[in-house]
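Input: a single structure, listed below in structure tokens.
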Amino acid sequence: MTLFIIGYMFCGKSTVGKRLAQRLGYDFVDTDDAFEERYRTTIASFFKHFDEPLFRKLETELLHEAALRDNTVVACGGGTPCHHDNMDFILAHGTSVYLRMTPEEAFRRLRQSHRPERRPLLAALDTDEQRALIARQLTQREQCYRKATLTVDADTATPDNLVEQISRQL
């Protein structure tokens with residue numbers, strides 16, 4: 001079985017995905033890390049030199065490769081399910097888990113982040129613009145995210161609580 005962890009940036013996809021994989025005895029793939037490893041660049045640097053459509057194309061290829069693996073938890077980039085036919089692909093190739101988070105919590109976590117520069121779509125914006133972009137993107141992506149097999153609230157739960165909730169629902 002392949003489990004796809006989806007949701008907006010800062011919702012805990014990587015942290016929860018790693019812990020869930022350990023609990024299940026599965027492999028773990030983070031599509032953002034796989035991208036940076038394959039193309040030997042950070043996502044932020046890639047965005048400085050290339051456009052978002054190319055990034056989305058390459059990210060989709062990585063998603064398709066990850067889905068070929070069995071017994072794997074895949075932490076998808078925040079926008080991954082919402083581009084091309086990726087959400088339909090995810091639903092056809094495994095179980096998806098949406099870590100739901102409010103725009104306010106996403107903004108709070110951005111402000112606490114030790115590496116906000118890793119978020120190329122937010123890096124050049126001031127605080128008000130960041131808040132507005134997060135709210136707008138979450139609203140746009142919500143209809144895609146809500147197609148997930150399972151949904152758990154990531155606003156206040158710890159990563160271990162989320163792993164426990166997901167494990168029970170599986």
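In this structure, the side chain of Q130 engages the main chain of L122 through a donor-acceptor pair within 3.5 Å. N86 places a side-chain N or O within 3.5 Å of a backbone atom of H83 that can act as its donor or acceptor partner. Looking at R100, its side chain never comes within 3.5 Å of a backbone N or O of D153 through a donor-acceptor pair. With hydrogens and angles ignored, the 3.5 Å screen pairs no side-chain donor or acceptor of T31 with any backbone N or O of L63.
Between E164 and R168, some side-chain heavy-atom pair lies under the 4.5 Å cut-off. Counting heavy atoms from C-beta on, the side chains of R23 and S167 come closer than 4.5 Å. A 4.5 Å side-chain heavy-atom check between R131 and E104 finds every atom pair outside the cut-off.
Atom CE of residue M101 and atom CG of residue D155 lie 7.0 Å apart, to the nearest 0.5 angstrom. Note that CG of D32 is 13.0 Å distant from CD of E37, once rounded to the nearest 0.5 Å. With rounding to the nearest 0.5 Å, the separation of CZ in R108 from OG1 in T102 is 9.0 Å. Here E36 contributes atom CD and L62 contributes atom CG; the two are 11.0 Å apart, rounded to the nearest 0.5 Å. Atom SG of C82 and atom CD1 of I6 lie 7.0 Å apart (nearest 0.5 Å). Separating the OG1 atom in T2 from the CG atom in L68 is a distance of 8.5 Å, to the nearest 0.5 Å.
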| query | Going through the distances and angles, do R146 and T151 end up as a side-chain contact (heavy atoms from CB on, under 4.5 Å)? | reply | CA-CA 7 Å; R146 285 192 175 265; T151 298; 5.9 Å; no

| task | Using the side-chain contact (heavy atoms from CB on, under 4.5 Å) rule, take Y98 and E142 through it: C-alpha gap first, then chi angles, then the decisive distance, then the call. | result | CA-CA 10 Å; Y98 169 32; E142 184 70 16; 2.6 Å; yes

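Taking the centre of each ring, F47 and F55 come in below the 6.0 Å mark.
Residues Y145 and G78 share a closest heavy-atom pair of OH-O, 2.5 Å. Counting all heavy atoms, side chain and backbone alike, P103 lies closest to A135 at CB-CA, 3.9 Å. Across every non-hydrogen atom of G7 and K13, the tightest pair is O-NZ, 3.0 Å. Scanning both residues, I134 and Y8, for their nearest heavy atoms gives CA-OH, 3.5 Å. Closest of all the heavy-atom pairs between F4 and A67 is CZ-CB, 3.9 Å. Residues F10 and R109 approach most closely at O-NH1, 2.7 Å, considering heavy atoms.
Residues passing the side chain to side chain donor-acceptor pair (under 3.5 Å) test with D88: none are found, sequence neighbours excluded. In this view, S96 and T149 satisfy the side chain to side chain donor-acceptor pair (under 3.5 Å) rule, not counting sequence neighbours. Taking the side chain to side chain donor-acceptor pair (under 3.5 Å) definition, one finds that K147 meets it with nothing, sequence neighbours left out. Residues forming a side chain to side chain donor-acceptor pair (under 3.5 Å) with R56 (at least two apart in sequence, or on another chain): E52, E59.
Sorted by first then second residue, the salt bridge (charged side-chain N to carboxylate O under 4.0 Å, His left out) pairs that include residues 60-85, not counting sequence neighbours, are D27-R69, R38-E65, K57-E61.
The aromatic rings of F89 and H64 sit parallel, their planes meeting at an angle under 30°, below the 60° perpendicular limit.
Side-chain contacts under 4.5 Å among hydrophobic residues (ILVMFWY), followed directly or transitively, place L20 together with M1, L3, I5, V16, L24, Y26, F28, V73, V97, L99, L150, V152, L162, V163, I166, L170.
Heavy-atom contacts from other residues, nucleotides or ligands closer than 6.0 Å to CD of E129 number more than 12.
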